[in-house]
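The structure appears right after this line, and notes come after that.
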Amino acid sequence: MPENVFYFQWEPALMEWLQNYMGKIAVGIASVVTLFGEQTLLVLILGYLYWCYDKKFAKEIGTGIVVALIAPPLLKNLVFRTRPYFNHKNIKCLKPVNASADLYNIQAQGYSFPSGHSTNAATVYGAMAVYKKTKLLWTIAIVLTLLVGISRVALGAHYPTDVLAGWGLGFAIAFSVHWLQGKVKNKNLLHLCIFICVLPGCFYCRTEDYFAALGAMAGFFLSIPFEEKYVNFEETRSVTRSVVRIAGGILLYVILNKVLKLPFSESFLHSNLWTAHLVCVLRYGIILFGIVGVYPLCFNRWNKKGKE
């Protein structure tokens, strides 16, 4: 796979300095902070907003999430910038993107520019602030976005310029999605146009993150009209029901993720074969469609039993 190495001299110097002065506690804190930009937590946030809090709000945030997941791989597979620990022996990767794959497998670990975690954080928390327009959410959005970006540098996963680009891309997505949601009345048409716009990545992207994001986007966009037509569940502010819904959603996500991997070996899943890419798209598409479109059918059944 193609590789590019470029950086400002101050970038590896700053990263080495940070890692030299980071103790185990600091590494642990950075490893926790970086989770606020990871896919699993984003799905959990989306799940709470969608299953419990406000479906309309969740659909806009969800649209931002799936765009934020796919935008970085589209750019990464054009720029081909390798991660810092590939190029500097004094920089260690303290938390790899894919812990189950080889640390230097670009197919599995992805390229470096821009930072996906930084993009995710800026998009999701920025979108919440843009949608709700409160000072508290803006403060949370700025602080979390900054901390996630700094953690990616400290953990050796990204150059500082990767993070800066991720921040810019993420906030651009947050504002753009909000603007489009307000301008385009036919949301299914909007989703179709977005999906068509990212499809060209199939011709040049060679990393798992693009195909996983493409599947997630397809599954999410298909689940919205399915839920509106066949499910139409009601949100809940009940603490008990919210906990049950979230716990059930997490369990379903974990089960689907594990079960859909079972027929395939790890080497196949992390290979660069087109069949592996197809499996990746289908796997994530099924997972998102399952937890967003099909899973809420359970809520209606629970509500009926509660009224009997």
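As the structure is a prediction and not an experimental result, all values here were calculated from the model. When reading the values below, keep in mind they use all heavy atoms of this one structure, side chains included, and skip hydrogens, waters and symmetry mates.
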* Asked: Is the W51 to F233 ring centre distance short of 6.0 Å?
  -> no

* Is atom CD1 of I25 surrounded by more than 12 heavy atoms (other residues, nucleotides or ligands) closer than 6.0 Å? -> no

* Asked: Should the ring pair F8 and W10 be called parallel, tilted or perpendicular, given that the plane angle runs from 0 to 90° and is split at 30 and 60?
  -> parallel

* **Smallest separation among heavy atoms of G166 and A122, with atom names** => O-CB, 4.4 Å

* Asked: Taking the six-membered ring where the residue is Trp, are the ring centres of F57 and Y131 under 6.0 Å apart?
  -> yes

* Asked: Relative to the ring of Y7, is the ring of Y159 parallel (under 30°), tilted (30 to 60°) or perpendicular (over 60°)?
  -> parallel

* Closest non-hydrogen atom pair, L252 against G290 -> CD2-O, 4.0 Å

* Asked: According to a 4.5 Å side-chain heavy-atom criterion applied to Ile, Leu, Val, Met, Phe, Trp and Tyr, with indirect links allowed, do I194 and L189 form part of one hydrophobic cluster?
  -> no

* Asked: What about F289 and F220, are their ring centers closer than 6.0 Å?
  -> no

* Structure fact -> Using a 4.5 Å side-chain heavy-atom cut-off and chaining through intermediate ILVMFWY residues, the residues clustered with Y284 come out as none

* Asked: Donor-acceptor pair, K258 side chain versus I255 backbone, under 3.5 Å?
  -> no

* Asked: Distance from I291 atom CD1 to N257 atom CG, nearest 0.5 Å?
  -> 10.0 Å

* Can you name the residues that form a side chain to side chain contact (heavy atoms under 4.5 Å, CB included) with L273, not counting sequence neighbours? -> F268, S271, T275, A276

* Asked: Residues two or more places apart in sequence or in another chain: which of them pass ring-ring contact (aromatic ring centres under 6.0 Å, His included) with W138?
  -> none

* Kindly write out the residues that satisfy ring-ring contact (aromatic ring centres under 6.0 Å, His included) with F175, not counting sequence neighbours, or none if the list is empty. => none

* Structure fact -> Sequence neighbours excluded, the answer for ring-ring contact (aromatic ring centres under 6.0 Å, His included) partners of F6 is none

* To do: May I ask you to check whether over 12 heavy atoms, not counting those of Y21, lie within 6.0 Å of atom OH?
  => no

* **Pair R152, T34: side-chain N/O donor-acceptor within cut-off below 3.5 Å** => yes

* To do: Working to the nearest 0.5 Å, report the span between CE of M22 and CE of M15.
  => 10.0 Å

* To do: Output the distance between atom NZ (K187) and atom CD (E60), rounded to the nearest 0.5 Å.
  => 9.0 Å

* Structure fact -> Contacts of Y210 meeting ring-ring contact (aromatic ring centres under 6.0 Å, His included) (sequence neighbours excluded), chain-then-number -> none

* Cut-off 3.5 Å, side chains only: do S267 and S265 have a donor facing an acceptor? -> yes

* Asked: If you look at every heavy atom in I61 and A127, which pair is closest and at what distance?
  -> CD1-CB, 3.6 Å

* To do: Look up atom CG in D54 and atom CG in L49, then write down how far apart they are to the nearest 0.5 Å.
  => 8.0 Å

Residues 72-79 side chain polar contacts: donor-acceptor under 3.5 Å, at least two apart:
{"residue": "K76", "atom": "NZ", "partner": "Y111", "partner atom": "O", "Å": "3.2"}
{"residue": "N77", "atom": "OD1", "partner": "R206", "partner atom": "N", "Å": "3.0"}
{"residue": "N77", "atom": "ND2", "partner": "P73", "partner atom": "O", "Å": "2.8"}
{"residue": "N77", "atom": "ND2", "partner": "T207", "partner atom": "OG1", "Å": "3.0"}

* To do: Locate the shortest heavy-atom distance separating P84 from A157; write the atom from each residue and the value.
  => CD-O, 3.5 Å

* Could you give the distance from CG (L260) to CG (L269), rounded to the nearest 0.5 Å? -> 10.5 Å

* Can you check side chain to side chain contact (heavy atoms under 4.5 Å, CB included) on E3 and F80, steps first, answer last? -> CA-CA 5 Å; E3 299 178 10; F80 303 125; 5.7 Å; no

* **Under the salt bridge (charged side-chain N to carboxylate O under 4.0 Å, His left out) test, residues paired with E227 that sit two or more places apart** => K55

* To do: For H158 and S112, indicate whether the former's side chain and the latter's backbone hold a donor-acceptor pair under 3.5 Å.
  => yes

* Assess whether atom OH of Y85 is packed by more than 12 heavy atoms of other residues, nucleotides or ligands within 6.0 Å. => yes

* Step by step, would you call T82 with N4 a side-chain hydrogen bond (donor to acceptor under 3.5 Å, both in side chains)? -> CA-CA 6 Å; T82 49; N4 279 333; over 6 Å; no

* Non-hydrogen side-chain atoms of T63 and F221 separated by less than 4.5 Å -> yes

* With distance as the sole test, does R83 use its side chain to make a donor-acceptor pair with the main-chain N or O of G110 at under 3.5 Å? -> yes

* **Backbone of F36 reached by a side-chain donor or acceptor of Y125 within 3.5 Å** => yes

* Check the pair F86 / Y104 against ring-ring contact (aromatic ring centres under 6.0 Å, His included), numbers first and verdict last. => CA-CA 7 Å; F86 275 65; Y104 295 95; 5.2 Å; yes

* Check: Y295 side chain, R245 main-chain N or O, donor-acceptor pair, under 3.5 Å -> yes

* R81: partners by salt bridge (charged side-chain N to carboxylate O under 4.0 Å, His left out), with sequence neighbours left out -> E11, D162

* Run the side chain to side chain contact (heavy atoms under 4.5 Å, CB included) check on I65 and T123 step by step: do they pass? -> CA-CA 7 Å; I65 288 175; T123 299; 5.8 Å; no

* **Gap between atom SG of C202 and atom CG of L278 - 0.5 Å precision** => 10.0 Å

* **Partner set under salt bridge (charged side-chain N to carboxylate O under 4.0 Å, His left out) for K95, not counting sequence neighbours** => E38

* To do: Check whether more than 12 heavy atoms from other residues, nucleotides or ligands sit under 6.0 Å from atom NZ of K132, and answer yes or no.
  => yes

* Structure fact -> E16 meets the salt bridge (charged side-chain N to carboxylate O under 4.0 Å, His left out) criterion, sequence neighbours left out, with none

* Could you please spell out the steps behind the side chain to side chain contact (heavy atoms under 4.5 Å, CB included) verdict for Q19 and L94? => CA-CA 9 Å; Q19 292 196 341; L94 303 176; 4.0 Å; yes

* Decide, yes or no, whether a salt bridge links R241 with E235 under the criterion of side-chain N to carboxylate O below 4.0 Å. => no

* To do: Not counting sequence neighbours, which residues clear side chain to side chain contact (heavy atoms under 4.5 Å, CB included) with Y230? List them please.
  => F226

